[in-house]
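Every number for a ligand or one of its atoms is a count from 1 in the order of the listing.
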Amino acid sequence: MKKLIKNPSQIVTVDTNGKHCKNGKESSQVNLLTGYSILIEDGLIKDFVKNSSAEKLKVDFIIDAKDKIVLPGLVECHTHTAFAGSRANEFLMRLKGASYEEIAEAGGGIISTVKSVRQSSFEELIAIIKPRIENFISQGITTLEIKSGYGLSYYDEIKLLQVINYFKKSMPIDIVPTFLGAHTFPPEYKNDHQNYIKLITDEMLPFIIKNNLAEFVDAFCEKSAFSANEVDKIFSKAVKLGYKLRLHTEQFNNIGGLDVAIKHNSLSADHLEVISENDIEKFSYSEIVAVLLPGVSFFLGCNYAPARTLIDSGAAVALSTDFNPGSSNISSLHFIMSLAALQMKMSAEEIISAVTINAAKALDLQTKLGSIEIGKQADFAVFDAKEYSEIIYNIGSNLNVMTVKKGEIIFQK
Ligand code: NIG
Ligand code: FE
């Protein structure tokens with residue numbers, strides 16, 4: 001099956017010359033093609049064809065992109081989309097001065113969402129989560145990571161992963177399930193860390209990989225959650241079982257998570273709002289991706305991660321919403337792109353690299369998608385804009401008018 005994305009005003013390729021990732025200065029080069037159409041064959045990018053010759057090409061289907069700009073399908077690499085309930089009450093408490101950590105210590109926070117998830121059936125969760133995924137698709141997102149982490153019992157973590165896998169099979173985008181059983185300690189193990197860790201390492205991890213429910217393991221390394229030593233135990237077992245890793249670290253406190261992530265070849269270290277200056281160079285031209293989540297800083301009113309210093313010292317930076325009910329109830333990746341520009345001083349090009357190829361790298365999908373290069377999946381976000389800076393400049397608007405996954409139109413305005 002041959003298709004043509006015809007006559008866009010601009011193709012933002014984000015090509016990498018086969019490196020499939022952009023470190024430091026490389027991320028400010030996104031490369032533009034004008035006067036070309038994109039030939040798709042069997043869901044993959046086959047070629048770039050001059051518009052003059054595109055007229056004569058025989059294809060099965062034409063996708064008209066006149067006056068539109070085409071970007072790689074956006075990659076949303078860090079979300080907690082699989083939650084139930086609302087924490088609007090906590091939001092109001094914070095407006096009155098309570099901190100996120102104080103609320104968590106008083107039994108709210110993640111645990112409050114755990115209660116809602118435990119009370120929700122598989123079917124109820126499907127009904128709540130489906131429109132959230134559709135919302136992501138309408139933004140041009142063609143690859144979406146979703147973590148568990150609000151079940152925190154054998155039964156409820158598996159239930160959440162089954163829900164995520166239901167969408168992996170039934171939604172028209174790539175969905176990447178991540179096991180986050182080490183999000184925090186559930187109330188029944190609050191004073192028995194050892195046995196919760198044992199439950200994760202000896203029961204949950206083996207079952208999940210055996211049943212193909214997740215190939216990624218994440219954890220939250222924080223004073224109020226898991227110590228570096230506890231994460232080390234979980235990661236050691238996860239690696240033995242063949243999982244790939246991610247880590248929430250250096251969000252509120254620096255307790256050594258980054259070194260554990262690096263020790264176990266984690267694909268990414270996420271958050272980094274309080275990363276120490278000395279640690280920044282650990283990302284320089286290394287394989288680990290710094291996943292920055294400025295929505296959290298905006299939502300909680302705290303420090304932004306040092307995106308500029310990270311990029312200037314050679315890091316590969318990705319951006320994501322961290323969509324969750326407590327610390328970033330923000331589901332617009334476009335808004336996050338605007339925040340990254342305004343609050344973290346990232347350039348438009350760095351931001352585009354961060355939500356495409358670098359986000360793909362954080363999910364180990366960089367050789368398949370994340371840029372418009374021959375041989376990659378024909379995943380595109382088509383924007384009604386004159387140039388890509390409009391996406392970032394029109395804060396809070398959704399300029400995406402068409403989402404294409406493996407050559408199929410899956411959303412159209
Ligand atoms: O990524 N850091 C921990 N987890 C989420 C917040 C989860 C919640 O508050 O529900 C985060 O910020
Ligand atoms: Fe998170």
Side-chain angles (χ1 to χ4, degrees), residues 76-91 93-94 98-118 128-129 132 144-152 156-157 160 164 176-186 216-227 231 245-255 257-258 261 266-275 289-305 318-331 333 336 339 359 362-363:
E76 170 47 289
C77 69
H78 178 142
T79 84
H80 304 258
T81 304
F83 65 87
S86 161
R87 305 228 305 263
N89 60 331
E90 294 181 6
F91 183 72
M93 283 160 75
R94 282 200 299 103
S99 75
Y100 176 80
E101 286 168 294
E102 281 163 6
I103 293 168
E105 265 158 44
I110 294 170
I111 293 306
S112 127
T113 304
V114 168
K115 284 181 192 142
S116 307
V117 164
R118 287 181 177 181
I128 297 170
I129 295 164
R132 295 179 185 151
L144 172 66
E145 188 252 20
I146 306 179
K147 302 174 197 296
S148 67
Y150 291 119
L152 306 189
D156 293 287
E157 278 297 305
L160 271 184
I164 301 167
V176 179
T178 297
F179 171 57
L180 179 58
H183 199 182
T184 192
F185 289 92
F216 289 85
V217 168
D218 194 347
F220 185 22
C221 188
E222 182 53 55
K223 274 187 187 165
S224 61
F226 290 75
S227 70
V231 173
L245 306 173
R246 317 279 307 274
L247 185 64
H248 284 71
T249 191
E250 268 96 321
Q251 178 178 9
F252 299 110
N253 298 283
N254 183 341
I255 57 167
L258 180 59
S266 177
L267 291 167
S268 69
D270 306 39
H271 276 291
L272 308 175
E273 287 86 346
V274 300
I275 185 176
V289 178
V291 176
L292 307 186
L293 310 161
V296 176
S297 310
F298 178 76
F299 197 79
L300 298 182
C302 40
N303 282 353
Y304 285 82
L319 286 165
S320 161
T321 59
D322 195 14
F323 178 44
N324 76 73
S327 70
S328 180
N329 190 24
I330 301 173
S331 54
L333 186 57
I336 296 301
L339 269 186
L363 299 176

Would you call Glu145 and Arg246 a salt bridge, taking side-chain N to carboxylate O under 4.0 Å as the test? yes
Note down each nitrogen or oxygen pair, ligand 1 side and protein side, whose separation is under 3.5 Å; give only atom names and the distance to 0.1 Å.
{"unit_1": "ligand 1", "atom_1": "1 (O)", "unit_2": "His80", "atom_2": "NE2", "d": "3.2"}
{"unit_1": "ligand 1", "atom_1": "1 (O)", "unit_2": "His248", "atom_2": "NE2", "d": "3.1"}
{"unit_1": "ligand 1", "atom_1": "1 (O)", "unit_2": "His271", "atom_2": "NE2", "d": "3.1"}
{"unit_1": "ligand 1", "atom_1": "1 (O)", "unit_2": "Asp322", "atom_2": "OD1", "d": "2.9"}
{"unit_1": "ligand 1", "atom_1": "1 (O)", "unit_2": "Asp322", "atom_2": "OD2", "d": "2.8"}
{"unit_1": "ligand 1", "atom_1": "2 (N)", "unit_2": "Gln251", "atom_2": "OE1", "d": "2.9"}
{"unit_1": "ligand 1", "atom_1": "4 (N)", "unit_2": "His183", "atom_2": "NE2", "d": "2.7"}
{"unit_1": "ligand 1", "atom_1": "9 (O)", "unit_2": "Arg87", "atom_2": "NH2", "d": "2.8"}
{"unit_1": "ligand 1", "atom_1": "9 (O)", "unit_2": "Tyr100", "atom_2": "OH", "d": "2.3"}
{"unit_1": "ligand 1", "atom_1": "10 (O)", "unit_2": "Arg87", "atom_2": "NH1", "d": "2.9"}
{"unit_1": "ligand 1", "atom_1": "10 (O)", "unit_2": "Arg87", "atom_2": "NH2", "d": "3.3"}
{"unit_1": "ligand 1", "atom_1": "10 (O)", "unit_2": "Tyr150", "atom_2": "OH", "d": "2.6"}
{"unit_1": "ligand 1", "atom_1": "12 (O)", "unit_2": "His271", "atom_2": "NE2", "d": "3.4"}
{"unit_1": "ligand 1", "atom_1": "12 (O)", "unit_2": "Asp322", "atom_2": "OD2", "d": "2.9"}
{"unit_1": "ligand 1", "atom_1": "12 (O)", "unit_2": "Ser327", "atom_2": "OG", "d": "2.6"}

Glu101 vs Ser224, side-chain hydrogen bond (donor to acceptor under 3.5 Å, both in side chains): CA-CA, chis, key distance, verdict: CA-CA 8 Å; Glu101 286 168 294; Ser224 61; 5.4 Å; no
What pair of heavy atoms forms the shortest contact from Ala84 to Ile128, and how long is it? CB-CD1, 4.0 Å
Take Phe298 and Tyr304, measure what ring-ring contact (aromatic ring centres under 6.0 Å, His included) needs, and give me the verdict at the end. CA-CA 8 Å; Phe298 178 76; Tyr304 285 82; 7.9 Å; no
Checking Arg94 side chain against Phe299 main chain: does a donor-acceptor pair fall under 3.5 Å? yes
Going by the side chain to side chain donor-acceptor pair (under 3.5 Å) test, name the single residue among Thr79, Asp218, Asn324 that passes it with Lys147. Asp218
Mind listing the protein N/O/S atoms less than 2.8 Å away from the Fe ion (ligand 2)? Waters don't count. His78 NE2, His80 NE2, His248 NE2, Asp322 OD1
Could you verify whether a donor N or O on one side chain and an acceptor N or O on the other, from Ser331 and Arg132, lie under 3.5 Å apart? no
Side-chain donor-acceptor contact under 3.5 Å, His78 with Asp322: yes
Using 30° and 60° as the class boundaries, would you call the ring planes of His248 and His80 parallel, tilted or perpendicular? tilted
